[in-house]
Amino acid sequence: MTDFFGREIERLKRKDSYRWLRGMEGATGPRMQVDGREVIVLCSSNYLGLANHPRLKTAAIEATDRLGVCSAASRLIAGNNELYRMLEERLAAFKGRGAALVYSTGYMANLGVISALVKEGDVVYTDALSHASIIDGCRLSRAAVKIFPHNDLDALKDLLKSDKGFRRKLIVVDGVYSMEGDLAPLPDLTKLAKSYDALLMLDDAHGTGVLGEDGGGTLEHFGLKGSDAVDIEIGTLGKALGSFGAYVVGSRDLREYLINRSRSFIFTCALAPSALAAAIAALEVLQQEPGHRQQLWANVRHFREGLYRLGLSAEPSVTHILPVMTYERQRTMELCERLLELGIFCQGIRPPTVPPGTCRLRFTVTAEHTRADLDQALGAIEKSFREVALL
Ligand SMILES: Cc1ncc(COP(=O)(O)O)c(C=O)c1O
């Protein structure tokens with residue numbers, strides 16, 4: 001029976017779809033060891049460089065000393081330690097909403113929120129490029145799932161118009177699309193959701209901490225922070241905020257509803273105190289040290305202009321996620337390996353993460369990269385892309 005594993009692995013290798021884990025060593029940062037080689041990392045989500053910030057580390061160590069390593073129960077049993085309340089109050093204030101609820105991961109938040117909001121007899125609409133956790137949440141819900149082409153609000157409107165007889169309608173979108181780096185057209189989307197009486201849910205995993213004057217995310221970028229433009233917003237603590245975990249923000253009623261109805265919230269162990277304390281410190285750093293965000297955007301500009309000078313485009317990105325199309329699986333992975341030889345780590349992205357024929361190298365710039373790092377990366381990109389005639 002277990003022959004199946006080996007056969008499937010061989011099949012994946014033949015299709016250039018095989019995935020394996022790389023060995024990362026060293027402190028999370030712009031330079032690390034990958035499979036024993038020192039490289040510049042251009043594919044992490046440590047956008048502001050907070051993962052190794054002294055204030056986050058001190059907060060995590062103090063929380064561990066004081067409260068222990070593990071919360072040792074689900075939140076509804078005995079795991080709701082004192083740091084949760086503080087973090088949720090600060091997250092709600094940071095997003096300008098009535099309440100926040102912390103989840104264990106963004107993946108679990110999407111699964112548990114979507115499946116709690118819609119069920120059989122309801123309908124959920126989502127973008128063709130939505131994150132896998134949104135798609136999985138939609139599937140789990142047993143609601144009818146309708147996918148509209150990326151950012152095509154006319155197509156969404158047609159669906160909303162023609163769909164009759166569903167009890168509840170939910171629209172779920174990303175704020176910043178994780179593989180494209182472009183934004184959801186939120187101002188128009190909020191109007192559309194309201195006029196068709198649909199709930200609107202935003203996943204701002206990549207916008208939070210990065211977009212908006214105060215790092216409030218995609219809603220702040222569009223001047224919608226603190227409004228009820230979206231009914232539900234989720235985000236992760238494991239990207240720009242440099243910690244681990246995730247959250248949902250919205251109304252107080254939403255929070256209570258999820259505590260009672262969201263299975264991925266209810267049936268899992270509470271986060272470690274260190275993760276909660278680090279996230280609290282991250283929110284303080286975000287407010288008190290805007291220089292990280294400014295540096296990130298300066299780096300994004302420098303890298304984007306460098307790509308452009310080489311004749312490469314990161315379209316449709318308008319953010320720190322800069323995809324360069326390489327199209328075919330084999331070439332993408334060859335380029336990834338070649339870049340590693342040249343001292344640059346950018347993981348190749350293939351289906352099912354992106355649609356077939358749209359493989360890419362998805363570069364993510366962080367505040368901690370130096371100009372020299374970025375210039376070295378651009379040099380390596382030029383060399384490797386020339387070798388495979390993509391330049
Ligand atoms: C858009 C989006 N949503 C959700 C997640 C999941 O978040 P987490 O890593 O906290 O599970 C990710 C990232 O991995 C993401 O890119």
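As the structure is a prediction and not an experimental result, all values here were calculated from the model.
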Salt bridge or not between [X] and [Y]? Use side-chain N to carboxylate O under 4.0 Å.
X	Y	answer
Arg85	Glu89	yes
Arg66	Glu82	yes
Arg386	Glu382	yes
Glu213	Arg293	no
Glu8	Arg11	yes
Glu233	Lys95	yes
Lys146	Asp163	yes
Arg139	Asp136	yes

Rounded distance (nearest 0.5 Å) linking atom NE2 of His206 with atom OG1 of Thr236: 8.5 Å

Pairwise distance CD(Gln294) to CG(Leu48) - rounded to 0.5 angstrom: 11.0 Å

Which pairs, with at least one residue in residues 330-343 and sequence neighbours excluded, count as a side-chain hydrogen bond (donor to acceptor under 3.5 Å, both in side chains)?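 Non-adjacent pairs meeting side-chain hydrogen bond (donor to acceptor under 3.5 Å, both in side chains): Arg22-Glu337, Thr326-Thr332, Gln330-Glu334, Arg338-Glu341, Arg338-Glu387.
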
Does a side chain donor of either [X] or [Y] reach within less than 3.5 Å of an acceptor in the other side chain?
X	Y	value
Tyr84	Ser71	no
Thr353	Arg19	yes
Asp127	Ser130	no
Thr364	Arg362	no
Tyr47	Thr319	no
Asn299	His320	no

Parallel, tilted or perpendicular: ring planes of His53 versus His292, cut at 30 and 60 degrees: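 Rings of His53 and His292: perpendicular, over 60°.
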
For the pair Arg255 (side chain) and Ala100 (backbone), establish whether a donor and an acceptor sit closer than 3.5 Å, ignoring hydrogens and angles.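 Such a contact is found between Arg255 side chain and Ala100 backbone.
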
Around atom CD of Glu289, are there more than 12 heavy atoms from other residues, nucleotides or ligands closer than 6.0 Å? yes

Minimum heavy-atom separation for Gly215 to Glu220, with atom names? N-OE1, 3.6 Å

